[in-house]
Amino acid sequence: MRYQKPKGTADILPKESKKWQYVEATAQQVFESYQFHEIRTPIFESYDVFERSSGESSDVVSKEMYDFYDKGERHIALRPEGTAGVVRAYVENKLFGPEQVKPYKVYYHGPMFRYERPQSGRQRQFHQIGVEAFGSTSPQLDVEVMAMAEQLLSKLAIKGMHLVINSLGDVQTRTDYHQALVDYLTPFNDELSEDSQRRLVTNPLRILDSKDKHDQEIVKNAPTILNFLTPESAAHFEAVQSGLKALGIDFEIDHTMVRGLDYYTDTIFEIMVTSPAFNNSEMTVIAGGRYDGLVKEFGGPDEAGIGFGIGVERLILLLDQDNEATQEQPLDCYVVKTSDAVAVPAFKILQSIRQAGFSADQDYLDRKVKGQFKNADRLQARFVITVGDSELAQNSVPIKNMATGVQVDMPLTEIENDFKSVIAKLN
RNA sequence: GCGGUAUUGGUGAAGUGGUUAACACACCGGUUUGUGGUACCGGCACGCGUGGGUUCGAUCCCCACAUACCGCCCCA
């Protein structure tokens, strides 16, 4: 085994690729119906773009960035997430300008990179489908984005999903809450797990979803961020909730839900799914939220933003295996050649069928007739045309319905000019 | 960055410090003449992740590295 793919990457082979196409096409369809349009931004950006958006202290920046210096000594990073690049593009292209309709709504899909140790369902190159909407602080927009996420999953026939929301409030909220949380937890310092003792200094919010049982006990009585929301943030969160209710979208509030990135404000949400594909444990498939300071952070106006990202690998694990849309398509017609002498006329027949819009194929390995039929069978060909000298002399070839075994002779002109009606006769 | 387990042909896998690395599936070919899905026959690892070492001799023992899976950290 001389060459192998880089650690943490995967080859998506044709069979699997069908599922990807299905997911991407469905997402496109749903998003477009909400007037979100596709944007394509570079897969790599200046390192600073991500450092700026994620916060210097975040792990994403400090150890997970897939970065390098190019031949021009530029510090480059493969994008670890989609939002930063889109925000950069939004500002750089001045999409905040008055000639644009607000909110400015876009979606994207593609590979993201994280330099980390691969493990259960995590790779160094993974894929996200994401959406972003700029230029409105309306809680209705929060509702729309969440509704759209749910609609996509429903359309993909994903079962067992539920929406979880929380609010991180504005800057004031976070400052106040951060202090309150540290004040509450510090007396328990000795009782906290080793990890959480460290988090108390680096990122106290993370202690809220510690896996340690005793930590969870302590956290149970910790102050909730929802009590620290400023009046504006509280009103926003209220409006989001009533908006969701009005649309009949079920949700639950988890005030311990946090984010690894620094840029989130106010509403954050996740859609979690319980599925046998994840050992019946809960897995987040979609995560998103507001980031009202980010556009300004990138040198644009003080404009709001909201978006979400979908982990495509995870999503694909949830797809119904029997879904027709992801099955391999059977071949319409296979052309069998009885000898090399008929190769040219047979190829012409083949091409005419393809040009009529049907899928068709032939043998390229000089297989015998029997072998060709075997291949036709493997390709699940619906019809097989056998081309031989004698048939050509009569301007007519046998076409066989593989399912019924019935074979009839058809005039060559009819096959080449009206394949559709030919197969209609055989069904 | 840390820890555990694993690595034999296209696939699933058995196997032993020492002649020809089992079996199955798949695939290819054949069972006389140009027609599939069954049956029968035959073929298919000069090689056991890579590189070192121990040994008279290693796929099987030791070390390092790579990769995969699982867990920690962290998580978009």
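For clarity, every value in this text was computed on a predicted model and none was experimentally measured.
- Nearest nucleotide to the Arg122(A) side chain, out of G71(B), A66(B), C75(B): C75(B).
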Each nucleotide in nucleotides 36-42 of chain B should get exactly one letter: B, S or -. Can you fill that in based on protein heavy atoms under 4.0 Å?
BB-----
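- Rounded to an integer number of Å, the gap from Glu391(A) CD to U35(B) P is 12 Å.
- One can place CE of Met112(A) at 18 Å from P of C75(B), the figure rounded to the nearest angstrom.
- The aromatic rings of Tyr47(A) and His75(A) sit parallel to each other, their planes meeting at less than 30°, with 60° as the upper class boundary.
- No engagement by Gly307(A) is indicated, since no non-hydrogen atom pair under 4.0 Å with the nucleic acid exists.
- With rounding to the nearest 0.5 Å, the separation of CZ in Arg290(A) from CZ in Phe237(A) is 13.0 Å.
- The aromatic rings of Tyr34(A) and Phe36(A) stand perpendicular to each other, their planes meeting at an angle above 60°, with 30° marking the opposite boundary.
- The base of G34(B) lies close enough to the side chain of Ser390(A) for a donor and an acceptor atom to sit less than 3.5 Å apart.
- Taking the nucleotide of RNA chain B with the nearest heavy atom to each of Gln123(A) and Glu270(A), the more 5' of the two is matched to Gln123(A).
- For the P atom pair drawn from G47(B) and A21(B), the interatomic distance equals 12 Å after rounding to whole Å.
- Atom C1' of nucleotide U50(B) and atom OH of Tyr3(A) are separated by 14 Å, given to the nearest angstrom.
- When the P atom is compared between C69(B) and G12(B), the two are found 14 Å apart, to the nearest whole Å.
- The base-pairing partner of A64(B), taking Watson-Crick or G-U wobble contacts with both distances under 3.5 Å, is U50(B).
- A13(B) sits 13 Å from C48(B) when the C1' atoms are compared, rounded to a whole Å.
- With a 3.5 Å ceiling on both atom-pair distances, U38(B) lacks any Watson-Crick or G-U wobble partner.
- Spacing between U16(B) and U59(B) at atom C1', rounded to whole Å, works out to 9 Å.
- Within the model, atoms CG of Asp409(A) and CG of Asn395(A) stand 12.0 Å from one another, a figure rounded to the nearest 0.5 Å.
- Side-chain proximity of Pro118(A) to C74(B), C69(B), U67(B): nearest is C69(B).
- Atom CZ in Arg124(A) sits about 18 Å away from atom P in C74(B), given to the nearest Å.
- C75(B) atom P lies 12 Å from atom OH of Tyr264(A), rounded to whole Å.
- Of the candidate nucleotides C74(B), G34(B), A68(B), G34(B) has the atom nearest to the side chain of Thr338(A).
- The nucleotide U55(B) finds no pairing partner, because no Watson-Crick or G-U wobble arrangement with both distances shorter than 3.5 Å includes it.
- The backbone N or O of Thr284(A) sits less than 3.5 Å from a side-chain atom of Arg314(A), completing a donor-acceptor pair.
- Atom CZ of Arg79(A) is separated from atom P of C75(B) by 21 Å (rounded to the nearest Å).
- Using P as the reference atom, G15(B) and G34(B) are 48 Å apart when rounded to the nearest Å.
- Phosphate proximity of C28(B) to Lys368(A): absent, as no side-chain N or O sits under 4.0 Å from OP1 or OP2.
- No N or O donor and acceptor, one from the side chain of Arg378(A) and one from the base of C27(B), sit under 3.5 Å apart.
- In this structure, Asp250(A) places its CG atom where only 12 or fewer heavy-atom neighbours from other residues, nucleotides or ligands lie under 6.0 Å away.
- Contact annotation for Ala287(A): backbone-only contact, meaning every heavy-atom pair under 4.0 Å involves sugar-phosphate atoms and none involves a base.
- Residue Arg314(A) is classed as having no contact, given no heavy-atom separation below 4.0 Å to the nucleic acid.
- Atoms CG and OG1, from Leu200(A) and Thr186(A) in turn, are 5.0 Å apart once rounded to the nearest 0.5 Å.
- The gap from the C1' atom of G18(B) to that of C60(B) amounts to 12 Å, rounded to the nearest Å.
- One atom, NZ of Lys7(A), and another, C1' of U50(B), lie 15 Å apart when rounded to the nearest Å.
- Mapping Gly371(A) and Arg114(A) onto RNA chain B via the closest heavy atom, the residue that lands nearer the 5' end is Gly371(A).
- In this pair, Tyr66(A) and Tyr115(A) present their aromatic rings perpendicular. The plane angle is above 60°, beyond the 30 to 60° band.
- A24(B): Watson-Crick or G-U partner is U11(B), with both key distances under 3.5 Å.
- Taking atom P in both G49(B) and C40(B), one finds a spacing of 34 Å when rounded to whole Å.
- If you take CZ of Arg382(A) and C1' of U35(B), they are 19 Å apart, rounded to a whole angstrom.
- Remark: the Gln407(A) side chain and the U35(B) base include a donor-acceptor N/O pair separated by less than 3.5 Å.
- Within 6.0 Å of atom CZ in Arg40(A), 12 or fewer heavy atoms from other residues, nucleotides or ligands are found, so the atom counts as exposed in its surroundings.
- For Arg367(A) against G29(B), a side-chain-to-base donor-acceptor contact under 3.5 Å is absent.
- Side chains of Ser359(A) and Asp332(A): a donor-acceptor N/O pair is present below 3.5 angstrom, by distance only.
- The P atoms of A24(B) and C44(B) are separated by 14 Å, rounded to the nearest whole Å.
- Pairing for C2(B) goes to G71(B), judged as Watson-Crick or G-U wobble with the two contacts each under 3.5 Å.
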